[in-house]
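First the structure, in the form of C-alpha cells, and then the observations on it.
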Amino acid sequence: MKVGVVKEIKPDEYRVALTPAGARELVQRGHDVLVEAGAGEGSAFLDDAYRAVGATLASSAEDVWREAELLLKVKEPLPSEYPLLREDLVLFTYLHLAASDELTHALIDGGAACVAYETVETDNHALPLLAPMSEIAGRLAAQAGAYFLEKPLGGRGLLLGGVPGVAPGRVLVIGGGIVGYNAAVIALGLGANVTILERSPDRMRHLDEILSGRVSLVMSSTLQIEESVVDADVVIGAVLIPGAVAPKLITRDMLGAMKDGSVLCDVAIDQGGSAETSRPTTHSEPVYVVDGVTHYCVANMPGAVPITSTKALTNVTLPYVEAIADHGLAEAVARDPALARGVNVLHGKVTYEAVAEAHGLEYRPLEDVLPLAPV
Ligand SMILES: NC(=O)c1ccc[n+]([C@@H]2O[C@H](COP(=O)([O-])OP(=O)(O)OC[C@H]3O[C@@H](n4cnc5c(N)ncnc54)[C@H](O)[C@@H]3O)[C@@H](O)[C@H]2O)c1
C-alpha cells in the first residue's frame, strides 16, 4: 500500500504521524512510504532520516495526498485540505468530530474512509491511542506545578521536594486515572508529599496495589476536596467522566481558602476544566491568577514536547497502520473490533453513533456501509 505522511499545518502543532522507525517497519513489510519534505522537522526527524530507511520524500503536500492510499496525520484536516479528500483514500488521524459540524460535513462530502485515533477502543473500553497523551499531560502537570511554585513566576516560593530538614510541598491529584497516576509518579519522584482523590473503588484498589505506602489514597467527595485543597501547594485536576464535560469540583469559594501562590494545573481543561475558574490557556501564555492561585490550563499540553509525543503516539498507532496497510481497511476492521470502532465516516456515511447524534445526522452501522471481508 502507498502510505503518505504530511506536515501538520495546524498552528503550534509540531508532531508528525510517523517516525523514521515506523517508516522502516512499513517499508520492510513491502509498503511504499511517501513523506512530505520537512514533515518531521518539528519533532527533530529530518528528511534524511526518512530517506535512509527507504521512504520517498515529496516536495508538496498535494503530491502526498494525491498518491497516498492511506494518509497518516496527527490533527484533523483543515479547510485548505478538504478539497484533497477523495473516495479511495483512508485517512487515519485524530478527528474529534463530535466537536465540529463543519469538519464532519467536509469528511462526509469528501467520501474518504476516516478513522479517528480517539475512538479506537478495545473491548474493555480502553482508548489505546489517547492513553499516551494522557501519560504525557500527567507527567507535565507535575513539572508545571513544581515550576510555577517558584517565586519569580508568581508562586509561593517553595521547592516541591524540600531539602533535608525542610518538609516537601503537598500535591493533591483529583482523579486517579491515567493523567492522575502519571502526575503522582512524577510528583513523588520530585520528592513531594502526594495525595490522590479518586471515586472509583476499583481504580482505588489498583492504585493501592501499585503505589501502596507512597501516596495517600482518599475517596473523593465535595467535603474531602474542600478540606484537601486548603493544605495543597499544587492541585492537579485530572478527572474524566466519559462523554461528559468535566465536573466543576473546585468552586470559587474553595479557591479563597487555598494558599496564596499555590498552583492549580487543570489538565481536564480540554473537557471544560474541573474548577469554576478554569479557562483554556496556551503554551505561550500558560498561566493566569485568580484569588492568588496560579491557574495552569493548557489545553494541548503534549504539544510542548513534540519529540516525546510523536514517539509515544506512533508507538501506539503503528500496529493499526500496519494492519490497514497489510490487509486493507475492510479486512483490518473485520480482524480487529477495536479498529472498527475507530471508523467515523465512510463513503459519505457517519458510522460512529455519538458523532451522528452530536450533529443530528443519520447513523449507519459500519457493517452496513463496508462489507466486512471474512477473516
Ligand atoms: N490538557 C491536556 O493537554 C490533556 C491531555 C490529555 C488528557 N487530558 C484530560 O485529562 C483528563 C483525565 O484524562 P485520563 O486519561 O486520566 O482519564 P481517565 O478516565 O483515565 O481518568 C479519569 C479518572 O477520574 C476519576 N473521577 C471521575 N470523577 C471523579 C471525581 N468526582 N473525583 C475524583 N475522581 C474522579 C475516574 O474514576 C477516573 O479514574 C481528561 O479530561 C482528559 O481529556 C488533557
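Here, residue 1 is the first one in the sequence, and each next residue gets the next number. Whatever order the structure lists them in is the order used to number ligands and atoms, beginning at 1. Treat the numbers as computed from the prediction; the structure is a model and nothing was measured. Computed from heavy atoms alone, side chains included, the values below leave out hydrogens, waters and symmetry copies.
Compare Gln271, Arg203, Glu198 by their heavy atoms: the one nearest to atom 38 (C) of ligand 1 is in Glu198. Between Leu127, Val298, Leu249, it is Leu249 that holds the heavy atom closest to atom 31 (N) of ligand 1. Distances from atom 43 (O) of ligand 1 to the heavy atoms of Ile136, Asp270, Val179, Ile236 put Asp270 nearest.
Polar contact check, Ala268 against ligand 1: no nitrogen or oxygen pair lies under 3.5 Å apart. Polar contact with ligand 1: present for Val267 (N/O pair, distance under 3.5 Å). Residue Pro247 has no N or O atom closer than 3.5 Å to an N or O atom of ligand 1.
Counting heavy-atom neighbours within 6.0 Å of Lys2 NZ, excluding the residue itself, gives a total of 12 or less. Around CG of Asn315, the count of heavy atoms belonging to other residues, nucleotides or ligands within 6.0 Å exceeds 12. In the displayed structure, Glu285 atom CD is contacted under 6.0 Å by at most 12 heavy atoms of other residues, nucleotides or ligands. Under a cut-off of 6.0 angstrom, the local environment of CZ in Arg24 is sparse, with at most 12 non-hydrogen atoms contributed by other residues, nucleotides or ligands.
Remark: minimum distance from atom 2 (C) of ligand 1 to any protein heavy atom is reached at Ala299 O, 3.4 Å. With respect to atom 20 (O) of ligand 1, the closest heavy atom belonging to the protein is Ile178 N, 3.0 Å. From the protein, the heavy atom lying nearest to atom 23 (C) of ligand 1 is Gly177 N, 3.7 Å. For atom 3 (O) of ligand 1, the nearest non-hydrogen atom of the protein is Met301 N, 2.8 Å. Shortest contact from atom 22 (C) of ligand 1 to any protein heavy atom: Leu240 N, 3.4 Å. Scanning the protein for heavy atoms near atom 11 (C) of ligand 1, the closest one is Val239 O, 3.5 Å. The nearest heavy-atom contact from the protein to atom 28 (N) of ligand 1 is Arg199 NE, 3.4 Å. The protein heavy-atom contact nearest to atom 5 (C) of ligand 1 is Ala137 CB, 3.4 Å.
At a cut-off of 3.5 Å, with distance as the only test, a side-chain donor of Thr119 or Asn344 sits close to an acceptor on the other residue. For the residue pair Thr122 and Asn124, a side-chain donor N or O sits within less than 3.5 Å of a side-chain acceptor on the partner. In summary, the side chains of Ser262 and Asp233 do not present any donor paired with an acceptor at a separation below 3.5 Å, with no hydrogens or angles considered. Residues Tyr50 and Glu36 have side chains that never bring a donor and an acceptor to within less than 3.5 angstrom of each other.
Both the backbone and the side chain of Ser134 come within 4.0 Å of ligand 1, counting heavy atoms alone. Contacts with ligand 1 closer than 4.0 Å are made by backbone heavy atoms (N, CA, C, O) of Ala238 only, the side chain lying farther away.
Residues Asp291 and Asp260 come closest through the heavy atom pair O-OD1, 4.2 Å.
Taking the ring centre of Tyr352 as origin, the terminal cationic atom of Arg341 falls outside the region bounded by 6.0 Å and 45° from the ring axis.
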